[in-house]
Amino acid sequence: MAATDPFEVRMRFSAQLQHLNASTTSAIKAAQYAIKWKQLDEDLHSCILEQLEKTSMNTRANIMYFLEHFLDMAARERENDYARMMQRDIIRVVDAVCPEDGSGAANVKVVRKVLQSLMTKSILLEQTVTEIEACLKERDPSADHGFSSPANGDDASGPTNGNGTATAAAANRPDKRQIEQRIEEDRERHKRMRENMWAVPDNIEDEAMKLWDDTSELGEDDHILGREEWDEYDSARATAHCGHAPLAHNGNGISSR
């Protein structure tokens, strides 16, 4: 079979999506594969939608995290068609990752995080993210679906309304193995997030400039606080009957002998 056979490319990409996990390596590998076969971008985009609609909720969450890496990489490579197709189908993606029936309630936080990241990178419009957020509020994990426990001991598997929403959610309820897998993957992501927070940049000057930018300007409140702290120190020193000559200070907190 030829390596450029579109069917083979689809099959390999679908397999990569199905085996995504919490590691960044698996997401980057799949993203690089899609960029490599950019001439089949529409086929590969349809693979993403297909896997989102037929895999487990854990895999859908992993694919959602993958989209963050993938679209960021595509933007750097100036492969704008991938971003354009995702902008067009983002509602379909969200509905697949956290459906209205509540079966994907545990994925709402995942969707929010990825959408905010894509908006920050100007891949998605702020208006689009705001509209989706309004829908996500109705699918919040506080509802008794997905990984949540039934409230007051009620049986969440029974239908609670005429359209069978609760029944559909119970049918898609994850089993014990999926729950344990999700816990482990979330733990791995949080661990990696903490590592990234404490990562020291190679260029220390960049870190210094970041700290400088994050520091607020000196204001009148800072001067008042400084004078108050100096008065407290002066009072405590006098109470201790220190034998040293007292320090004189002016209104700006500058001391002199």
Pairs involving residues 55-77, ordered by first then second residue, that meet salt bridge (Lys or Arg N to Asp or Glu O under 4.0 Å) (sequence neighbours left out) = Glu68-Lys113, Asp72-Arg76, Asp72-Lys121

Taking only residues two or more places apart in sequence, or in another chain, which ones meet Glu228 in a side chain to side chain contact (heavy atoms under 4.5 Å, CB included)?
-> Ile224, Leu225

Output for pair (Asn80 CG, Met85 CE), nearest 0.5 Å, gives 11.0 Å

Quick one: closest heavy-atom pair of Tyr82 and Trp37, and the distance?
-> OH-O, 3.8 Å

Inter-residue atom distance Ile90.CD1 - Gln87.CD, 0.5 Å rounding = 9.0 Å

Report the distance from atom CZ of Arg112 to atom CG of Asn107, rounding to the nearest 0.5 Å.
-> 12.0 Å

Hey, is the main chain of Gln51 close enough, under 3.5 Å, to the side chain of Thr55 for a donor-acceptor pair?
-> yes

Within a reach of under 6.0 Å around CD of Glu42, are more than 12 heavy atoms found that belong to other residues, nucleotides or ligands?
-> no

How about Phe70 and Ile28: do any of their side-chain heavy atoms sit closer than 4.5 Å?
-> no

When you measure from the side chain of Ser26 to the backbone N and O of Ser23, does any donor-acceptor pair fall under 3.5 Å?
-> yes

Indicate yes or no: at least one non-hydrogen side-chain atom of Tyr233 is less than 4.5 angstrom from one of Arg237.
-> yes

Short side-chain to backbone donor-acceptor contact, Ser46 and Asp43, under 3.5 Å = yes

How close do Arg139 and Val94 get, heavy atom to heavy atom, and via which atoms?
-> NH1-O, 4.1 Å

Under a 4.0 Å N-O cut-off, is there an ion pair linking Asp5 with Arg12?
-> no

Do Arg10 and Glu50 sit within salt-bridge range, that is, some charged N less than 4.0 Å from a carboxylate O?
-> yes

Looking at Val110, Leu52, Leu49, which one forms a side-chain contact (heavy atoms from CB on, under 4.5 Å) with Ile63?
-> Leu52

Answer yes or no: is there a side-chain heavy-atom contact under 4.5 Å between Phe13 and Leu17?
-> yes

Given salt bridge (Lys or Arg N to Asp or Glu O under 4.0 Å), test Arg92 with Asp95 step by step and report yes or no.
-> CA-CA 5 Å; Arg92 183 177 173 184; Asp95 286 341; over 6 Å; no

Mind checking the OH-NZ spacing from Tyr33 to Lys36? Nearest 0.5 Å is all I need.
-> 7.0 Å

Is Met119 reachable from Leu125 through a run of hydrophobic residues whose side-chain heavy atoms are each under 4.5 Å from the next?
-> no

Pair Phe66-Ile48, side chain to side chain contact (heavy atoms under 4.5 Å, CB included): steps then yes or no | CA-CA 10 Å; Phe66 153 77; Ile48 296 174; 4.1 Å; yes

Do Asp89 and His45 have side-chain N/O donor and acceptor atoms under 3.5 Å apart?
-> yes

Passes side chain to side chain contact (heavy atoms under 4.5 Å, CB included), Cys98 versus Leu136? Steps please.
-> CA-CA 8 Å; Cys98 49; Leu136 291 177; 3.5 Å; yes

Polar side-chain atom of Thr120 near backbone of Gln116 as donor-acceptor pair, under 3.5 Å = yes

Taking every non-hydrogen atom, the tightest pair across Met57 and Ser103 = CE-OG, 3.5 Å

Taking C-beta and beyond as the side chain, do Leu115 and Glu133 meet within less than 4.5 Å on heavy atoms?
-> no

So, are Lys38 and Asp41 salt-bridged, with charged N and O less than 4.0 Å apart?
-> no

Which heavy-atom pair separates Ala30 from Gln16 by the least distance, and what is that distance?
-> CA-OE1, 3.5 Å

Nearest 0.5 Å, what's the CG-CE distance between Leu20 and Met64?
-> 13.5 Å

How long is the gap from CD1 on Ile123 to CG on Leu118, to the nearest 0.5 Å?
-> 5.0 Å

Are Thr59 and Ser56 close enough that a side-chain donor and a side-chain acceptor fall under 3.5 Å?
-> yes

